[in-house]
Amino acid sequence: MNASDDARLNSNGRADITRRLPGLSDGDLPFHGHDRIKEYVMRETADNTRPARVRPRRRMALFLAAGAATCAVALAVTLSLQDSEQHPAAARPEPAAVRLLDRVALAAQAAPAPNVRDGQFLYTRTQGHSTALSETKGGGMAAARTDESAERWVSVDGSSGTLTRNHEGEKTDPAPDKGKATINGPTYRFLESLPTDPDRLLQLIYADARLNHGGDSGSTTGPDQEAFVAIGDLLRTVEAPPGVSAALYRAAARIPGVVLVPEATDAAGRSGIAIARAHNGERTEWIFDKNSLRLLGERTVTLKDSAWGKAGTAVTSVAIVGRGVTDKAGQAPKQ
């Protein structure tokens, strides 16, 4: 999927795809006043800033309502407009994306919760790659891929460290201090404690993101993009309770600039439909199976030709290829 492919996909094509997916009708949006908040959100503008040479994983923040007392819907919707005014580059969520996220949320809500107990580990196996730039002898830049395939064991209750096994070997990150699990380092028990109301959950996510990416931080990422990436990180790295997963998807539907991408391929070669957000010349995509609406993986693609590659190049891509519960870190889950 590249930029020219996107140009060929008009709104009728997107509507046709979403009509064939299970869930709500086009008129059923997951929060009220969707049309009327558009007066507060600025259209996306081009950002020609050169991307960073290393692609770090990022995390999240809060979107509080900002002063539109003359408009009742601004008070009803708990999303803050203050950050949208400070970061005017994002359009409102695309309606097709909102509808798809609500259908994904319905599927997540219906999924069985993992049967876990304290002392056990949530297991995730992924395959994929990241990309880094290095300077050549001639002074140019060359892109090189790094294998990011890994197995990961996360303690259910945080009583043990997180074990990661990849091509470099094994590494165990220390267990969080008791009761100190966070959005950036969650455990299953921490995720169970999160609100399942999408607005309240999004407030927590934006609050976390504002700490490092708010208006006074000097960050060029901004809370909107940070919130989107952080939700994706949570959904990909740790299996959450069904109600929380559903709330995360519905929270993402409230982030300005979220769009639907009709065709996307994950790192395992599986084709799906994606929810995405563009920032700084690249687009972060969450890829879902078109039939089950299960999350397949995530990738970031370039939107224009650059040292990273041609437009449409996946500079990072990670596919979820296995999940389960184990009694010990390093142990394979039972089939």
Side-chain angles (χ1 to χ4, degrees), residues 3 6 37 40-64 66 79-94 97-98 100-101 130-131 182-184 198-199 201-237 248-261 264 274-287 295 297-304 306 308 311 313-318:
D6 286 343
I37 58 174
Y40 295 101
V41 185
M42 309 293 288
R43 289 291 180 188
E44 187 167 12
T45 58
D47 187 346
N48 295 321
T49 304
R50 184 177 179 178
R53 295 190 178 186
V54 179
R55 301 187 177 271
R57 302 306 305 167
R58 296 184 177 121
R59 297 258 179 221
M60 337 170 136
L62 171 88
F63 211 29
L64 293 174
L79 302 179
S80 167
L81 303 171
Q82 186 175 19
D83 282 319
S84 291
E85 292 167 359
Q86 292 174 353
H87 303 277
R92 66 172 184 161
E94 185 182 68
V98 174
L100 176 59
L101 281 166
S130 62
T131 305
T182 66
I183 286 173
N184 295 311
D199 291 316
L201 182 56
L202 192 61
Q203 288 176 357
L204 292 176
I205 292 168
Y206 267 102
D208 186 84
R210 184 177 287 119
L211 293 176
N212 297 309
H213 299 275
D216 298 329
S217 68
S219 170
T220 60
T221 303
D224 291 338
Q225 179 66 9
E226 189 65 17
F228 184 79
V229 171
I231 291 175
D233 286 348
L234 273 178
L235 291 165
R236 187 187 71 255
T237 59
L248 286 167
Y249 288 124
R250 289 192 170 108
R254 289 146 164 82
I255 298 176
V258 172
V259 300
L260 181 147
V261 177
I275 291 296
R277 192 176 192 280
H279 176 76
N280 198 25
E282 56 189 33
R283 186 174 64 209
T284 301
E285 301 175 353
W286 305 342
I287 305 171
L295 180 65
E298 179 182 315
R299 70 176 186 174
T300 299
V301 300
T302 58
L303 297 179
K304 55 188 177 183
S306 69
W308 298 102
T313 298
V315 292
T316 65
S317 186
V318 178

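- Considering V315, I287, V318, T284 in turn, I287 is the only one that fulfils the side-chain contact (heavy atoms from CB on, under 4.5 Å) rule with R299.
- Here L248 contributes atom CG and L201 contributes atom CG; the two are 5.0 Å apart, rounded to the nearest 0.5 Å.
- For D224 against I255, the heavy-atom pair with the smallest separation is O-CG2, 3.7 Å.
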Check your understanding: Hey, mind stepping through Q225 and N280 against side-chain contact (heavy atoms from CB on, under 4.5 Å) and telling me if it holds?
Key -> CA-CA 10 Å; Q225 179 66 9; N280 198 25; over 6 Å; no
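- To the nearest 0.5 Å, the span separating CG on L101 from CD1 on I231 amounts to 9.0 Å.
- We find the OG1-CD distance between T316 and E285 to be 10.0 Å, quoted to the nearest 0.5 Å.
- Using the six-membered ring where Trp is involved, F228 and W286 have ring planes that are parallel, under 30° apart on the 30 and 60° scheme.
- Without hydrogens or angle criteria, R277 side chain to P256 main chain gives a donor-acceptor distance under 3.5 Å.
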**Study point:** Chi angles and distances behind the side-chain contact (heavy atoms from CB on, under 4.5 Å) call for D208, T182
**Key:** CA-CA 9 Å; D208 186 84; T182 66; 5.6 Å; no
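- Rounding to the nearest 0.5 Å places CG of L211 at 9.0 Å from CG of N184.
- Here the closest non-hydrogen pair linking T313 and W308 is CG2-O, 3.9 Å.
- Here the straight-line distance linking atom CD of E298 with atom CG of D233 works out to 6.0 Å at 0.5 Å rounding.
- The closest donor-acceptor contact from the side chain of E282 to the backbone of T300 lies at 3.5 Å or more, if one exists at all.
- A pairwise comparison of heavy atoms in A274 and A264 identifies CB-CB, 3.9 Å as the closest pair.
- Residues L303 and A278 approach most closely at CD1-CB, 3.8 Å, considering heavy atoms.
- Heavy atoms only, all atoms of each residue included: A97 and V259 are closest at CB-C, 3.5 Å.
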